[in-house]
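Data block below; observations after.
Start at 1 with the first residue, then count along the sequence.
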Amino acid sequence: MALLRRGFYLIVGCTFPGFWMLHASGFGAALFRPIQQWCHSTAVGWPSLVTAVLLYLTAICCFEFCWRLLKNTHP
């Protein structure tokens, strides 16, 4: 089971830069457009980084929540 967890974090770590580049190129631009409007900025790099980090943190939190639930149900 620990191999599954390590594999998940390995995949997350290796895919983040590619996802950030994809996100900055316009995939899901609706997510970082409010940050651009709020800061009156036309930059794409840092707003897409913020939203990409938030998306990955959400995925990690969901994985950890499910992992701990599964771990506590099986002694």
Quiz item: Closest approach of Gly45 and Trp20, non-hydrogen atoms and distance?
Solution: O-NE1, 3.4 Å

Quiz item: When rounded to the nearest 0.5 angstrom, what is the spacing between CG in Leu22 and OG1 in Thr15?
Solution: 11.0 Å

Self-check item: By side-chain hydrogen bond (donor to acceptor under 3.5 Å, both in side chains) - contacts of Arg68 (at least two apart)
Solution: Glu64

Practice problem: Scan residues 34-44 for pairs that pass side chain to side chain donor-acceptor pair (under 3.5 Å), counting only residues two or more places apart or in two chains. | Solution: none

Practice problem: Could you pull out the closest heavy-atom pair between Ile35 and Pro47, with the gap in Å? | Solution: CG2-CB, 4.0 Å

Quiz item: For the residue pair Phe63 and Phe8, does the interplanar ring angle fall in the parallel (under 30°), tilted (30 to 60°) or perpendicular (over 60°) class?
Solution: parallel

Quiz item: Got Phe32 and Val50 here, is their nearest side-chain heavy-atom distance under 4.5 Å?
Solution: no

Exercise. Determine the minimum heavy-atom distance between Trp46 and Cys39, stating which atoms define it.
Key: CH2-SG, 3.5 Å

Quiz item: Between Cys14 and Pro17, what is the shortest heavy-atom contact and its length?
Solution: O-CD, 3.7 Å

Exercise. Could you tell me the separation between the NZ atom of Lys71 and the CG atom of Leu69, rounded to the nearest 0.5 Å?
Key: 12.0 Å

Quiz item: Does Arg33 CZ have over 12 foreign heavy atoms under 6.0 Å away?
Solution: no

Exercise. Count the heavy atoms of every other residue, nucleotide or ligand shown that sit under 6.0 Å from OH of Tyr9, and state whether that count exceeds 12.
Key: yes

Quiz item: Should Met21 and Leu49 be regarded as members of a common hydrophobic cluster, given that ILVMFWY residues are connected when their side-chain heavy atoms come within less than 4.5 Å of each other, either directly or indirectly?
Solution: no

Quiz prompt | Over 12 foreign heavy atoms within 6.0 Å of CG, Leu57 | solution = yes

Practice problem: Check the pair Phe27, His23 against ring pair (Phe, Tyr, Trp, His ring centres under 6.0 Å), reporting the backbone distance first and the verdict last. | Solution: CA-CA 5 Å; Phe27 177 73; His23 187 51; 7.3 Å; no

Quiz item: Going by heavy atoms in the side chains, are Leu55 and Phe19 under 4.5 Å from each other?
Solution: yes

Self-check item: Distance-minimising heavy-atom pair for Ile60 and Val12
Solution: CD1-CG1, 4.0 Å

Quiz item: What distance separates Trp67 CH2 from Leu4 CG, expressed to the nearest 0.5 Å?
Solution: 5.0 Å

